[in-house]
Chemist: 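The structure that follows is given in the form of structure tokens.
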Amino acid sequence: MPTELKPGLHWVGVIDWGIRHFHGYELSTHRGTTYNSYLIMDEKIALVDTAWTPFQEEFIRNIRALVEPARIDYVIANHAEVDHSGSLPALMRLCPNAELVVSKRGHESIEGHYHQPWKFRPVATGDSLSLGRNKLVFVEAPMLHWPDSMFTYLTGLNVLMPNDAFGQHYATAFRFNDQVNQQELYEEALKYYANILTPFSKLVLKKIEEVVALNLPVDMICPSHGVLWRKDPLQIVAKYQEWARQTPERSAVILYDTMWEATRRMGEAIGVGLAAEGVPYKLFHMATSDRNDVLAEVFKSKAILVGSPTLNQGLLPTLMPVLEDLRGLRFQNKIGAAFGSYGWSGESPRVIEEHLAAAKIPLAAESVKAKWQPRPADLAACETLGRKVAAAVKAG
Ligand code: FEO
């Protein structure tokens with residue numbers, strides 16, 4: 001059901017309460033999501049972004065509640081990823097004369113997804129499009145988070161529609177930030193940033209500076225997922241600046257997998273050492289923990305300790321996804337250490353250190369390994385490792 005946001009500006013998106021995995025199965029979405037789309041009714045009619053394909057009928061019903069799609073003059077596709085562009089084929093069949101406004105890279109990616117001879121209108125930063133009373137101004141935002149990403153700003157109503165930036169995977173009964181649980185909202189906003197935007201943090205800072213320098217008044221920030229920032233809308237911009245600087249808390253996370261509890265006991269002993277030095281930590285069994293929730297904790301923390309028993313001269317495979325994310329998400333300002341039990345050859349700490357090196361996470365202390373079940377001396381070495389890492393956390 002559409003929601004009027006301001007006179008002439010309507011949310012016509014879809015709430016997806018049921019989705020629990022996004023990007024296929026790459027990203028967990030415990031609280032569902034929304035696919036936000038905005039209909040602007042001026043002398044010309046414009047629609048900003050669409051919804052994911054399985055929701056196209058509901059999405060088009062929402063538009064029809066306000067206007068016949070054939071009357072739409074412009075469809076703005078800020079980003080080609082299918083959660084926002086998936087309803088384009090169904091929509092464009094209903095408004096074949098509408099121009100499809102895209103960034104230059106968006107032209108390439110939308111064409112590449114749908115292979116349709118739509119009336120593309122590529123735009124660049126600073127280009128604008130008059131709708132009558134108000135106009136749309138476009139700002140390319142490459143790598144926030146795809147090369148094609150673009151922000152659209154609506155003058156007069158002072159609304160920024162930045163697509164994925166400032167979004168959250170958060171299905172809610174109400175549309176605005178001041179109507180929802182603030183702790184849930186910020187948990188989802190941070191998880192979204194940590195899992196999607198972290199590698200582009202320098203670009204986030206630059207883009208915010210660039211947009212601020214345009215001196216555009218911003219009454220509302222309307223991202224493509226989750227709630228819309230109406231109350232103190234720049235609070236999320238300030239949060240993004242803070243997150244993009246990647247200044248971690250003085251805390252640690254211990255990620256491990258275990259076969260017969262030896263590596264678990266080592267991880268717990270490391271925790272004793274960290275806590276004894278006053279450094280808070282969280283310990284995650286990666287075979288049973290949600291990887292994306294863990295990455296949000298990694299994002300917040302200074303130290304990352306990773307443990308695995310040696311299996312087939314390497315690691316338990318359950319650790320590989322999070323190690324791949326440590327590399328790909330390019331976390332900054334971290335320190336790391338490795339540990340693990342073994343029976344015969346004992347390569348696992350060295351292999352973990354190689355992964356930490358690939359993630360450009362420097363080691364804070366030498367690794368600890370224990371043969372078979374750890375003896376008291378092994379557990380004491382783990383506790384010492386925890387104390388050493390704690391000292392480095394506090395020094396950092
Ligand atoms: Fe990059 Fe919400 O899609």
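Every number for a ligand or one of its atoms is a count from 1 in the order of the listing.
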Chemist: Please tell me whether His21 and His30 form a close aromatic pair, meaning their ring centres lie under 6.0 Å apart.
Modeler: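 No, the ring centres sit 6.0 Å or more apart.
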
Chemist: Any side-chain heavy atom of Lys6 within less than 4.5 Å of one from Val159?
Modeler: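 Yes. Closest side-chain heavy atoms under 4.5 Å.
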
Chemist: Taking atom 2 (Fe) of ligand 1 as the centre, count the protein N/O/S atoms lying under 2.8 Å from it.
Modeler: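 Count of protein N, O, S atoms less than 2.8 Å from atom 2 (Fe) of ligand 1: 4.
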
Chemist: Is there a donor-acceptor contact under 3.5 Å from the side chain of Lys191 to the main chain of Ser28?
Modeler: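 Yes: the side chain of Lys191 pairs with the backbone of Ser28.
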
Chemist: Just by modelled atom types, is the Tyr192 backbone N or O under 3.5 Å from a matching donor or acceptor in the Asn195 side chain?
Modeler: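 Not a single qualifying donor-acceptor pair exists.
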
Chemist: Determine which of the N, O or S atoms in His145 is closest to atom 1 (Fe) of ligand 1 and give its atom name.
Modeler: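 Considering only N, O and S atoms, His145 comes nearest to atom 1 (Fe) of ligand 1 through NE2.
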
Chemist: Can you confirm if the aromatic rings of His10 and Tyr38 lie within a centre distance of less than 6.0 Å?
Modeler: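 Ring centres of His10 and Tyr38 not closer than 6.0 Å.
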
Chemist: Does one side chain, of Asn163 or His225, offer a donor that lies under 3.5 Å from an acceptor on the other?
Modeler: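 No, no side-chain donor-acceptor pair sits under 3.5 Å.
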
